[in-house]
Protein chains: 2
Amino acid sequence: MTSKQEFIEKLRNSNLRPTKQRINICEVLFNRDKTFHFTINDLFNLIKDKTGEKVSLATVYNTVHAFHKKGYLKEIPINSNQTYFDTNVTDHHHFFDVKEEKLIDLKSEDVGPIEIQKSIPGKKIKSVEVLVKLED
Amino acid sequence: MTSKQEFIEKLRNSNLRPTKQRINICEVLFNRDKTFHFTINDLFNLIKDKTGEKVSLATVYNTVHAFHKKGYLKEIPINSNQTYFDTNVTDHHHFFDVKEEKLIDLKSEDVGPIEIQKSIPGKKIKSVEVLVKLED
DNA sequence: AATCTTCTTTAGAATAATTATAAACAACGA
DNA sequence: TCGTTGTTTATAATTATTCTAAAGAAGATT
Ligand SMILES: [Mn+2]
Ligand SMILES: [Mn+2]
Ligand SMILES: [Zn+2]
Ligand SMILES: [Zn+2]
């Protein structure tokens, strides 16, 4: 499988040695067709389910944060008791289904360009994110 | 002072009896010119500073959540270790100065109307919020 | 005002997400 | 293979938030 080499590359780029545990984490994170929105706990449970091997929670946290720092994962701002991450690291917006606690990607076309008409001296814009909360 | 009557009204509308502690909380929350962005801890410390009286942390949490439920406070979605609230409960967007950890209001005109061109069957839009992160 | 009922305050305990620790272990390069 | 450096893991620590229950205050009733 070619993907394992990609995982190793991602890990090396993040200054992480490619260990069995980290490859398993990559398997769950990146071996999928569509974007993946998750909490650390989601990921932790999926690793055991999908690979049959357990990885410690500390390793999951550490690896996710290394990927986040490197830019392989995005953190989505939501007020929840858990932090949400996203494998889609491009600039994009979200629906958040409050009841289901699920994130859904919005394409840029779904929202349109956002022009910020205000600026703060000495500061520049790092990101612009739209969060659309959904209810029943 | 007329404001005390307003505080009592807000408290009653929130199904809270107007106690000394809650009036002090209102004093810090609502007796100001411009919008106030805060964490529970900010508020907790300001109460002691500005009124000279201490209110227990539990009471601050309870009162803030009652106001939030009633719609007198807004919760701002940010990934921080603490939850941010806002006395400006109108629909509006924010700058977030990542370094200073400070929120700044954006007027609707500063962002322009946002038209969401996608919908999810059975769900309706509850809110649309833009968060613009600022860096140096 | 005295009394009764219901709500409130508070200190402290409980909970839960995240981070830190340090000892056993694994990857890497020589 | 050996030595070095990075990694895993169980477990403890930290921290924001919520819960608990006893003592106190507010509101209603007389
Ligand atoms: Mn996404
Ligand atoms: Mn605001
Ligand atoms: Zn991170
Ligand atoms: Zn709330």
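What's counted below: heavy atoms across the whole structure, side chains too, no hydrogens, waters or symmetry copies. Small disclaimer: the values here were computed from a predicted structure and weren't measured.
Distances shown here put every side-chain N or O of A/His65 at or beyond 4.0 Å from the OP1 or OP2 atom of C/dT18. Checking the phosphate oxygens (OP1, OP2) of C/dC28, a side-chain nitrogen or oxygen of A/Arg12 falls inside 4.0 Å. Residue B/Thr19 places no side-chain N or O under 4.0 Å from the OP1 or OP2 atom of C/dT8. Contact annotation: B/Arg17 does not reach the phosphate of C/dT5 (side-chain N/O to OP1 or OP2, under 4.0 Å). Of the side-chain N and O atoms in A/Gln21, one or more sit less than 4.0 angstrom from OP1 or OP2 of D/dT9. Residue B/Thr59 places at least one side-chain N or O closer than 4.0 Å to OP1 or OP2 of C/dT10.
Using a 4.0 Å heavy-atom cutoff across all strands shown, B/Thr39 reaches no nucleic acid atom at all.
Nearest nucleotide to the B/Arg22 side chain, out of C/dT10, C/dT8, D/dT8: C/dT8. The side chain of B/Gln82 lies closest to D/dT17, out of D/dT17, D/dT7, D/dT18. Of the candidates D/dT8, C/dA17, D/dT17, C/dA17 carries the atom nearest the A/Tyr61 side chain, counting heavy atoms from C-beta on.
Screening B/Phe67, B/Phe38, B/Phe36 against B/Phe30 for a ring-ring contact (aromatic ring centres under 6.0 Å, His included) leaves a single residue, B/Phe67.
The separation between B/Asp42 atom CG and D/dA16 atom P is 11 Å, rounded to whole Å. As a whole-Å value, the separation of A/Leu57 CG from D/dT9 P is 11 Å. Rounded to whole angstrom, the span from the CG atom of A/Asn81 across to the P atom of D/dT15 amounts to 19 Å. At whole-Å resolution of the value, CD1 in A/Ile25 and C1' in D/dT7 are 11 Å apart. Here D/dA25 presents its P atom at 18 Å from CG of B/Leu16, a figure rounded to the nearest Å. In this structure, B/Tyr84 atom OH and D/dT17 atom C1' are separated by 16 Å, rounded to whole Å. One interatomic measurement links the two molecules: CG of A/Asn24 to C1' of D/dT7, which rounds to 15 Å at whole-angstrom precision. Nucleotide C/dA17 holds its C1' atom 9 Å from the CG atom of A/Asn41, rounded to whole Å.
Two residues, B/Lys20 and B/Asn62, neighbour DNA chain D, and the one matched to the more 5' nucleotide by heavy-atom proximity is B/Asn62. In terms of position on DNA chain C, the residue among B/Asn15 and B/Lys54 whose nearest nucleotide sits closer to the 5' end is B/Asn15.
Atom NZ of A/Lys102 sits in a sparse spot, with 12 or fewer heavy atoms from other residues, nucleotides or ligands closer than 6.0 Å.
Using cut-offs of 30° and 60° for the angle between ring planes, the B/Tyr84 and B/Phe96 rings count as perpendicular.
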Under the criterion side-chain contact (heavy atoms from CB on, under 4.5 Å), I'd like the reasoning laid out for B/Lys123 against A/Phe95: C-alpha separation, chi angles, the key distance, then a yes or no. CA-CA 10 Å; B/Lys123 303 284 176 178; A/Phe95 277 139; over 6 Å; no

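A/Val132 places none of its side-chain heavy atoms less than 4.5 Å from the side chain of A/His93.
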